[in-house]
Structure formats: structure tokens, C-alpha cells
Amino acid sequence: MAHLLNTSFIPSSPSLRRNSIPSSSSLRTPRKPQIQAKIREIFMPALSSTMTEGKIVSWVRSEGDKLSKGESVVVVESDKADMDVETFYDGYLAAIMVEEGGVAAVGSAIALLAETEDEIVEAKSKASNLSSPSSPPATLEKTVEVAAADTVPSPPPAVKATVAASSVHPASEGGKRIVASPYAKKLAKDLKVDLSGVVGSGSMGRIVAKDVEAAAAAGSAAVSITAAEAPKPSGAKVAAIPGIELGMVVPFTTMQGAVSRNMVESLAVPTFRVGYTITTDALDTLYKKIKSKGVTMSALLAKAAALALVKHPVMNSSCRDGKSFTYNSSINIAVAVAIDGGLITPVLQDADKVDIYSLSRKWKELVDKARAKQLQPHEYSTGTFTLSNLGMFGVDRFDAILPPGTGAIMAVGASQPTVVATKDGRIGMKSQMQVNVTADHRVIYGADLASFLQTLAKIIEDPKDLTL
Amino acid sequence: MQSSISLSLSSPSITRSDRTVVDAFAANNSLTPRSLRFCGLRREVLGFKSVSSTQLVASSKRRQLNKVLASLSGNGTPTKGFDYDLVIIGAGVGGHGAALHAVEKGLKTAIIEGDVVGGTCVNRGCVPSKALLAASGRMRELQNEHHMKAFGLQVAAAAYDRQGVADHANNLASKIRSNLTNSLKALGVDILTGVGTILGPQKVKYGKVGFDESVITTKDVIIATGSVPSVPKGIEVDGKTVITSDHALKLEFVPDWIAIVGSGYIGLEFSDVYTALGSEVTFVEALDQLMPGFDPEIGKLAQRVLINPRKIDYHTSVFASKITPAKDGKPVLIELIDAKTKEPKGTLEVDAALIATGRAPFTKGLGLENINVETQRGFVPVDERMHVIDANGKLVPHLYCIGDANGKMMLAHAASAQGISVVEQVCGKDHVLNHLSIPAACFTHPEISMVGLTEPQAREKAEKEGFDVSVAKTSFKANTKALAENEGEGIAKLIYRPDNGEILGVHIFGLHAADLIHEASNAIAMGTSIQDIKFAVHAHPTLSEVLDELFKAAKFKVNNSSPVAEPVAV
């Protein structure tokens, strides 16, 4: 049996790797080598009938080693046991594509075998073009580095610096040493969180699991408003910030990595946008009146959106699997907040039910927590509808990218005095703002969105309901 | 059959490998008595049928009824000129086992105990730890939502009461202790209270400190004083934040983060308890891999199940050179140094540290100098018959040492078996205990158990002696009962001689492994070959079929010219 299982070195068809083999045929027979293919791919073998993926326990040989037929090359961990995997061909181990600890699907390439020494370089370049379907962390990092090199230098991870300095662990030697609990370390590895950028909330300031979870969630939450942040004149800002060398290649921080992944993921959702201009005179008047009571514009807008959502439940729904959608039971308005080096979306839960004063107090509390990086997961990850406001920068209109798992996000521009013609034929000055909603067209259609905006406009233009 | 695969107990080769086992254990410093097998309850229930001891000592003759009656009527009459036939110093599991067997053999027996009856196993070892593991094992199961869901069960948030769990452990220890004491009293064994000291040949004194001491004469003496947790220098044990197993078993607090120094049996079991109760654990291991002393393959799998998915991290190849208890609001500080280069390897700050680096023999105050015996690293040197050896390499007449104090195999049931072996000898029947047939178990979830040699040990022995070694494996994944329990994780591994079917070692990792090992250990003790045992019938569906399959998976050489490939379990 052993010899059948060790069919790791399946010669590649010259074009591409095969993704998988039918799982029913565990004992697949080795494919016949193609004589012209001199660089062969080493595949993750199926070591048992139930194995769908395998983990590389260790590479017995390293890149550049000469191998002869029958030699053990790699130890693979299946769902049942560790097994040595042998080569069926002589050659050189040219490139290892899945590092130790990495996981690869059965049948996917884990390394390249060159027939001669000269072909090692060629194989290596081939390896960098192919990436295994579920690469280990190490490979991922490399990919990120490559990507970073091609793009405009991004500002250094500001979070990291700020946070490390604020670490209070007595034994952490001013942030030089990271004190994290075993589980926190494990989670950080899994979630790809850089511990040097995490503030510990555990005993003596040590980093515990929930800190890592918070940091990871902050990373993904950031994604939702990236679109909102995009219009920032980042290029100019970069040049102005001291300590940034132009031309420098900066690897992604965990947060940036998460943003990058989620941005790409968001492309899988078919979105569309509908804009609306809303007159805000009445809202501004109301705001002036109750500002002294601690009410903020963010809370007012969140409240207005929540009241409109009550009448349009489909706008508060979410579609996750592409086959069904959920009418969310509560209206939780996530509001984007820029924090040092990133973004987070504190959530005003049940914004339709909570009165405006409580909502404003809650908002202030959430913002304070967000700045101190102490938001709990339920305080930033439970939003059902997102608000992003760039009005304070003078932005009059923009559009936002839909955060995965929600139905719609509303981008709010600045309210500006505008000359308008009224229905009675007069011309007057009114304050107006533009809002632009991005929605998931799988569940929310044009008419839904339009009527939601109409309702929202009515609420904002006659805001008496907001203070009820 | 028996003759063809004779275990030749006294052959030097076996003795050598025996030493290897002991050394491996000693190096890993983490053995502790782990079984209840000979603890009082069961023996008491069994009365004097003594089935297990008969098997163990492989007695060829049925005991005569009149002897049983004699022992029932009480402690025998001493040999002329002596107060006792046998005096046992230490009433742990080893001493207890020896005393019961001695009474059965008609010897007038006394047992000297300076502390509480039951010794480490019952009071500070296997017994209370099993109670903690039972509670924490259930906790772990109830918390495993995925596991429960697979059964179709819904459990609301599981929680535990620390004091309740601690009380369970304490109550169990008291109960077993009283069972043990009662069984000795019922037999009429004299329990003498105080510290026992050997004054000279066949002369022992005992007494509590500050009280009058009594001197007694006896025909034979067994030292069974056991062991205490060993604490390497540089480590300050305060009993609160820096603790040994003695303190940990009281479960006075469950720290958020505990460092466990040593990843042998004790460390591993406590990591199971603490992680189930919500602690995070950091192992500090001096050797280059966790779980030294286990078969490497079993260790690797165990690490994948017991360490990696849990809230545990580890540092290997490091010593904890200094450990300072928590005080003045500072955490427990552990300074690590490289095990080889002695270079500093950083500091750990944790809420508590458990020192599980092994156990040191407790032989102080025994008066060994009175009979010219020098301990070796604290252990009393003995020969293969547990006969004590003096500084000149000569046997000390009438003096034996069993259990942790001789360091041969630091397990409760090994001590008891050694005690029974000694009693056989003092009754005039030569007996050598085959340590390779003594099973060991680690009661994690799932459990680990083993008997005989590990694969590397077997291969080393095979090379020296010129025979072939084969390995067969079976998986719990293929066992109906294990799958019904949703506990398919685990393997059983058989190391054997393909030429004659001799079992060299069996290692099990999986559900109830500790209970499953005995089929294999009995086969080794009885000299049963795989060819014979494979015809034994196992009830279906039971976990025992894992071993059934294992024996059936073994392949034998028809003749020496056809090599047998190692079967691969899939």
C-alpha cells in the first residue's frame, strides 16, 4: 500500500497545475511522465481515502538538493498520520512552494523538481508564478512583499508605533518585549495579527486573546470604509510626514493586509449606487438647538437612517451565500471612524429604538473606546447598515465600497449652501447635502433604494421624529 | 508456545533494556505513580481470591485453603526470635501491596508510616489527579460546542465551581485512604506510626519525633518510602503561585496563565486539567521535544491533539533557571536558559508556575548508613530482585527496596508488583518481576498508555540481538464504538517480532487507552504470542476491537527469506 500512497511526484502537464483530483479515488495511479517536461511539479499526495488537504510537517530536503528516485523529500501530515513522501524521479529540488507548516489541497503543487541544475532558476521563476491554493503564512507574506514593491509606498504602520509605546506591561521593557498569553500568540498567528501593534488589556498589560481578536476585527472593519478614506489626499500627506523615505517598500501591516484581502473579496458582490440630494436646513436648525445637550451630527444621521430603515427592511438585510438573504432583526448602524493608522466602525445598536440623547451618549462612549482601542467585538462587528461621512473634509460627494456581509452603505457628503429653485417658482438659498448609497443588487433593487432615500430625505427635511 | 517465546526474565539483555527504560524515565524526571490498580478498594472487594496477584507473580501452584484461612484469622506468628517476619517502611501503594501479599503468605507483618496511609498515589498523586481529570474532562466536553452538536445535543454555557471540583478530589483521596487503612486493619497488619529507621541488620526503630522510639526486630525489611516532587535549584516554591503537584491537586486557584515546567506525565495531565478549566498554559521543557519518554510517533500525535489545538504554547531545550513567586503585584517570573549553552533565553511572566520536573526518592532518615548503603542520586540501589546492594556492591541480607525509592519504575502499580515479588522471595520462591510487562498510562483526554519498549528502543535492541522488528498500527477512526462516541482521534501501535510473534511494545493514544492496554500487558506478562492472541474474541462493538484489529494487522515471516513489509494503517 505504501508505494501506492507515495505517488507524490506527479509530472505536470506543462501548462498548469491541477486543482484537485476526485476524492473518491484515493489510490490514484501515477500519471505517465511527459518526456518533454523537464520541470516537474510535486503534488500533495492523497494519503488516505478521506484526505482532502495535507499539511507539510517538514521538508526533509532543501532547495537545490539533488534527489534520487525513492528518496524521502517531505513529511506530510494527513488527517490520520504523518508520512514520508518519496520522489519518483531523479532531479533537483528546485523550489519549495508550500513552506513547513503550510497546508495544500490534495493534488496541488507543493514544490518543483528540476531535471538538471540549469533548470533550477527557471523552475524558481515558475514557482513564483504559481501560488498554491491555500498557501501557508510564509508564502503569503512573500506575496505581499512582492505586491508592495509594485505599488506606491504606503505610510508606515502608525498603529504599531503608537500602540507599542502605550504598552504598560512592567516587564515589557518599554514595548521591546511582547508579553502575550499562549492563546493570544496562537490566535495572532492564525489571524495574522502583528502583536507588536496590539495593546494588552490582560493582567499586567499582557496581550490576551480578546486583544488579538479586536485587532484582527479592527483590521477587517477597516475595509468597510476604505472607500471612504480613499479620497484623502494621501500622496501629499505621505510627502509631508517626516520619516518616510520615498521609494521605500513597506510590507503591509496586518490591518493593511486584511483591507487588501477584503477589498478584493468585495468585488464578488454586484453593487450599484443611487444618489440623492437632501436639504438640511431643518436638520441644521434642530442640531443647533440640541447640540448643547450633547447630541452629535453622527448620531442624528444614524437615527435618521435607522428610522428610514424601519420602513424599508430590505435595506437592512444581508445576503451571505448568494442563495438566500436575511432580514436582520435589529437595526444596527455602523459609523466609520478614522483612528490612528486605520478605521473602525463602532456600532450604534438598535438605533431606531434608542432615543437621540442616549444614542449620542453611546456614540461618544464608542468613539472614546475606539480611540483607546478597547472596543469589544460586538461593538464594531455587528453593523447591519453603514454610514460614512466625509463632509468634514469638504467632500461633497463620494461613493463607498460595500462591506461584505451587509446590504448597504451610505456615503454622506458635506452640507453646503446651494441656490435652488423651488416649486413655487422662486429662487432661494438652501443647505443641501448629497448622499450616495452603495447596495447589494442581489437583494436590494433600484426601486428599493430609491424609495428608502425618499423616506430618508423626508425624515431629514422634517426632523421632528428624530427627537421623539 | 510458552517455551518458544520464553521471555527469559533474568537474561542480561532484558535487564539492560530494562535499565534503558528506567533511565529514559529518570531523565525525563516525570514519572509518578499513576494507577489505582492495587489501591485498597479493589483488593478489599476481591478479598483473598487474589486473582490478580496470582497472575502477576505467575504462581504455578494454587494456594491452599488452609493458608488463606490462616491469614484470615490474623497476622501470622513470627519466626522464632523476631518480633515480625516482615516490616515494611512506608504505607504507600507499594507497601500496601506487599503487606497484603505477606499476610496472605502467613507472614507476621508490620507497616511503618510517618505520614498518612496511602502515600503519594492516594493522597497527592494518581488518585486526586484522576478526580480533577474526571471533572475537567467533562468540562472540556461540555464546552466543545462542535462535539456536542455532532451528537445533536445543546448545552447552555457550562461553568464550574472551583471549590466543588477541589472537594471532589479531596473526598476521593479520603475515601481511598480509609479503604486502604481498613483493608490493612482487617487483615491484622500492625500499623506502626512514626518514622522508620534501620538500625542494623534485621533491626528497625520507629517513633514520632519527640516521643519514645521503639525498636523491633524482624526477619526481613522492605523499604517502600516512595518519593517527593523534585524541585530544581533556583526555583522558589511558595505553594501559592509557584507550586508542585502536591499543591496543584488542592486546586486552590485556577490561574489565567500557568507555566508548567516539565512535559512528562504530570505536566501533561495538569495541562489537561488547567486548559479545560480555562487557563492558558506554557510548557517549559529541557529536552528538545515535548513528551519525552513516549514513543515518538505517539508523542507527535498526542502533541497534535493535546497541545496544538489547545491554549498551550511551549519552549523546548530550555531550563527554568530561576523562578520567583508572585509578590507585590508582580507576576511569577521565570528566567529561561538554553539547556545546552546555558545562555539566557528570555523571561516569562505568568500567574503561576507548576513544577513538574519529576520526583525525587524520599530516603532521608532511613538509617542506610547503619548498614553501609549509599544512595545513588537519592535512590536505593537494588538488584533485579529488589535486593538492596551496599556500598561494596554486595547484597544486604534481608533488606529489600521497592517502588519510587529504588527508581526502577516510578509507578504505583510497579511498586506493588515489586512488593509482591519480594514477598514471594522471602517465602522461599525465587521471583523476578518483568518490568517490561508493566503498563503505564497518562490520563489526558484522550488517554495515552503504553507497555514494553518504544519503537526506537525495540529497534536498538533488535540491532544488538540480531532480530527483525515490525510495526502494526490501527486507528480509532475505524472503530465503531469510538465513532459512536465521536472520539475517532487516536491510534494503537504494536511493535513485535515478525519471526516469532513476540510483543515488544504496545502504545495506545485514544479514548480509554489506559483501560485498553491491559490486554497487551497481560499478553507480555504471560508470554502470549500474537499468533495466539489474535484468535481471542472481542465483543462488538467495543473499543477493545482496536487491539483486536492491531493483533490481526501483524504480519509474520513464513521463513526468513521473505521479508515482511511494514503494514500501513490507513
Side-chain angles (χ1 to χ4, degrees), chain A residues 1-6 26-27 45-51 54-55 57-58 75-86 101 103 167-173 176-190 195 200-213, chain B residues 255-260 271 274-275 278-284 296-301 303-304 307-315 324 326 328-335 346-352 471 473-478 488-491 493 509 553 565-570:
Chain A
M1 187 121 171
H3 68 282
L4 278 176
L5 294 176
N6 291 340
S26 63
L27 306 176
L47 299 176
S48 75
S49 56
T50 54
M51 176 172 168
K55 186 175 168 190
V57 176
S58 62
V75 181
V76 170
E77 171 189 320
S78 74
D79 51 346
K80 286 184 177 144
D82 287 357
M83 298 193 76
D84 284 354
V85 174
E86 303 161 4
V103 174
S167 177
V168 291
H169 195 289
S172 65
E173 291 160 26
K176 268 185 274 169
R177 280 187 52 218
I178 297 163
V179 179
S181 81
Y183 186 45
K185 279 185 218 153
K186 222 165 244 193
L187 266 183
K189 206 176 157 198
D190 291 350
L195 283 177
S201 69
S203 125
M204 325 246 178
R206 82 168 60 119
I207 300 167
V208 294
K210 72 172 160 59
D211 302 329
V212 177
E213 278 162 357
Chain B
D256 289 338
W257 183 2
I258 184 166
I260 299 182
S271 79
Y274 279 118
T275 53
S279 302
E280 296 180 28
V281 169
T282 296
F283 272 120
V284 175
E297 196 171 357
I298 297 287
K300 209 189 265 178
L301 182 65
Q303 181 167 341
R304 208 180 292 157
I307 308 277
N308 297 350
R310 296 186 180 171
K311 297 176 180 180
I312 301 177
D313 69 352
Y314 50 85
H315 301 265
T324 321
D328 310 329
K330 280 188 182 157
V332 175
L333 273 179
I334 303 178
E335 288 174 23
T347 315
L348 290 174
E349 298 94 28
V350 291
D351 300 317
V471 173
K473 287 177 232 170
T474 53
S475 167
F476 278 65
K477 276 201 178 83
E489 196 82 63
I491 60 167
K493 177 175 176 180
F509 173 71
E566 274 183 25
V568 177
V570 284

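Proteins come first, then strands; the chains are lettered A, B, ... in the order of their sequence lines, and each starts at number 1. These numbers come from the heavy atoms of this one structure, side chains and all, not from hydrogens, waters or symmetry mates.
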Based on non-hydrogen pairs under 4.5 Å, which of [options] is most in contact with chain A?
{"options": "B:K330, B:R310, B:E280", "result": "B:E280"}
{"options": "B:V350, B:D351, B:T275", "result": "B:D351"}
{"options": "B:D313, B:T282, B:L348", "result": "B:D313"}

_So, using side-chain hydrogen bond (donor to acceptor under 3.5 Å, both in side chains) as the criterion, who are the partners of B:S271 when residues are at least two apart?_
none
*A:E213: what forms a side-chain hydrogen bond (donor to acceptor under 3.5 Å, both in side chains) with it, not counting sequence neighbours?*
none
*Is the shortest heavy-atom distance from the side chain of A:V208 to the side chain of A:S201 under 4.5 Å?*
yes
*asked:* Restricting to non-hydrogen atoms, name the atom on B:E297 and the atom on B:K493 that form the minimum distance, rounded to 0.1 Å.
replied: OE1-NZ, 2.8 Å
